[in-house]
S.K.: 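One structure, as structure tokens, below. Some questions next.
Owing to the predicted nature of the structure, the values given are computational and were not obtained by experimental measurement.
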Amino acid sequence: MPDWLAAFGDLMSLLLCFFVLLLSMSSMDAKKVSEAIGSLSGAMSVLEGGIKTEISKRRIQESTPIESADETSDQVNRISAALKEMKEMSEMDSKGSGGGPSVSLEEAQDGFVIELPASLLFKQGSAVIQNEDSLLFLKRIALIIGELPNETTVSVCGHTDDQGPGAKSPYKDNWELSSARAISVLQELLLDGVDPKRMSASGYGEFSPKATNATERGREQNRRVELRFYGAKASDKSNVQQSVLDKAAAK
């Protein structure tokens, strides 16, 4: 072989011996090695605990069955469209004030929830709905409620921040204010033709916040009225939850 190749081979052998000696003089922490392997396996989502090479059967995901659309999902699609229009109107109204919370549709344990910020419905310390866009939105919701299954009920829940109604408010505390706002929305839905047997109202005051009351942004999120849709029976609750939101999202 050429002379340079022999010298190169000797150099590689010396480097190999050098690293073998470094490894033999180092101390291996078995716990740290196990943790490192476990972290790697968790990131790759294949190995379990860093010691098994088998793919866990628990990691096998079952495919979600595709169900045919029904009448209930159509109603939720209409609610989503109404919410979108209401969001656009509320965003236009709040451009000058730096923005604020907007209406939203969220999944709940027993069905779904429409959340209405109090600033879109009421003035500070008041329970009188004066926003014409909000009244039109409630009329549309009332029409859709009338087309939902009779087992579907609606609970109107009022919430406030921890600041109190204010000196000019006719309500002495947040219990009265939140309850009055919930009843005000309920009465508007009743005027729009919703069956009273399917409705209920409750006030939570400041004791069910969704954000911190330490900031103005958090207090805005806490001042809200929720429309909670759910089935009266256990089977109906499951149907409302699955067929309403899942199918609407699938579309």
Side-chain angles (χ1 to χ4, degrees), residues 79 82-83 86-87 89-91 93-94 97-139 141-142 145 152-192 194-232 237 240-241 245:
I79 292 177
L83 285 172
M86 188 65 187
K87 280 184 180 181
M89 290 186 290
S90 62
E91 287 172 359
D93 293 338
S94 61
S97 59
S102 59
V103 292
S104 63
L105 175 65
E106 299 179 356
E107 183 179 357
Q109 182 177 358
D110 299 331
F112 61 97
V113 178
I114 296 176
E115 186 177 296
L116 302 172
S119 58
L120 300 180
L121 298 169
F122 313 101
K123 292 183 178 180
Q124 183 177 1
S126 172
V128 179
I129 303 176
Q130 297 180 339
N131 189 315
E132 293 296 330
D133 293 333
S134 298
L135 290 173
L136 292 174
F137 174 75
L138 291 176
K139 289 182 184 295
I141 294 300
I145 293 174
T152 303
T153 57
V154 182
S155 177
V156 185
C157 306
H159 302 269
T160 67
D161 57 21
D162 62 348
Q163 298 299 301
K168 297 181 179 180
S169 175
Y171 307 102
K172 65 179 182 180
D173 56 29
N174 285 330
W175 285 112
E176 289 188 358
L177 178 60
S178 62
S179 300
R181 286 179 170 179
I183 293 174
S184 180
V185 173
L186 179 143
Q187 289 176 337
E188 185 61 36
L189 292 174
L190 294 180
L191 289 174
D192 295 331
V194 178
D195 186 354
K197 296 179 181 179
R198 304 173 62 182
M199 301 291 297
S200 63
S202 57
Y204 289 82
E206 71 267 29
F207 300 105
S208 184
K210 65 175 297 185
T212 177
N213 280 307
T215 64
E216 179 57 33
R217 177 65 176 174
R219 291 191 291 270
E220 284 182 354
Q221 295 180 22
N222 292 333
R223 298 190 294 266
R224 67 196 189 277
V225 176
E226 296 175 343
L227 303 178
R228 299 180 181 178
F229 295 73
Y230 58 91
K237 292 178 182 180
V240 169
Q241 180 178 1
L245 289 181

S.K.: Take V113 and F229, measure what side chain to side chain contact (heavy atoms under 4.5 Å, CB included) needs, and give me the verdict at the end.
M.R.: CA-CA 6 Å; V113 178; F229 295 73; over 6 Å; no
S.K.: So P117 and V103, do their side chains get closer than 4.5 Å, heavy atoms only?
M.R.: yes
S.K.: Could you measure the distance from the CG atom of L186 to the CG atom of L227? Nearest 0.5 Å is fine.
M.R.: 9.5 Å
S.K.: Given side chains that start at C-beta, do those of E176 and P165 come closer than 4.5 Å, heavy atoms only?
M.R.: no
S.K.: Mind checking the CG-NZ spacing from D195 to K197? Nearest 0.5 Å is all I need.
M.R.: 6.5 Å
S.K.: Backbone N or O of N174 within a donor-acceptor pair of the S178 side chain at under 3.5 Å?
M.R.: yes
S.K.: Please report the closest heavy-atom contact between S169 and G125, naming both atoms and the distance.
M.R.: OG-O, 2.7 Å
S.K.: V154 versus R228: any side-chain heavy-atom pair under 4.5 Å?
M.R.: no
S.K.: CD of Q124 to CG of L177: how many Å apart, nearest 0.5 Å?
M.R.: 9.5 Å
S.K.: Which pair of non-hydrogen atoms, one from S126 and one from V128, has the smallest distance, and what is that distance?
M.R.: OG-N, 3.1 Å
S.K.: Which heavy atom of A182 sits nearest to which heavy atom of G158, and what is that distance?
M.R.: CB-N, 3.7 Å
S.K.: Please find the pair of heavy atoms, one from V225 and one from F122, that lie closest to each other, and give the distance.
M.R.: CG2-CE1, 3.9 Å
S.K.: Return the OG to CD1 distance between S134 and I141, rounded to the nearest 0.5 Å.
M.R.: 11.5 Å
S.K.: Evaluate the side-chain proximity of Y230 to T153: yes if any heavy-atom separation is below 4.5 Å, no if none is.
M.R.: yes
S.K.: By side chain to side chain contact (heavy atoms under 4.5 Å, CB included), which residues pair with K210, not counting sequence neighbours?
M.R.: E106, E115, Q221, N222, R224
S.K.: Are R198 and I145 packed together at the side-chain level, in the sense that at least one heavy-atom pair is separated by less than 4.5 angstrom?
M.R.: yes
S.K.: Among all residues two or more places apart in sequence or in another chain, which pass the side chain to side chain contact (heavy atoms under 4.5 Å, CB included) test with S179?
M.R.: none
S.K.: What is the distance from atom CD1 of I114 to atom OG of S104, rounded to the nearest 0.5 Å?
M.R.: 9.0 Å
S.K.: Is there side-chain contact between H159 and R181, with at least one heavy-atom pair below 4.5 Å?
M.R.: no
S.K.: Quick one: which of L116, N131, V194, L191 gives a side-chain contact (heavy atoms from CB on, under 4.5 Å) with L138?
M.R.: L116
S.K.: Do W175 and F207 have ring centroids that are under 6.0 Å from one another?
M.R.: yes
S.K.: Please report the shortest heavy-atom distance between L189 and M199, naming the atom on each side.
M.R.: CD1-CE, 3.5 Å
S.K.: Using side-chain hydrogen bond (donor to acceptor under 3.5 Å, both in side chains) as the criterion, list what pairs up with E216, not counting sequence neighbours.
M.R.: R219, R223
S.K.: How long is the gap from OG on S184 to CG on L121, to the nearest 0.5 Å?
M.R.: 8.0 Å
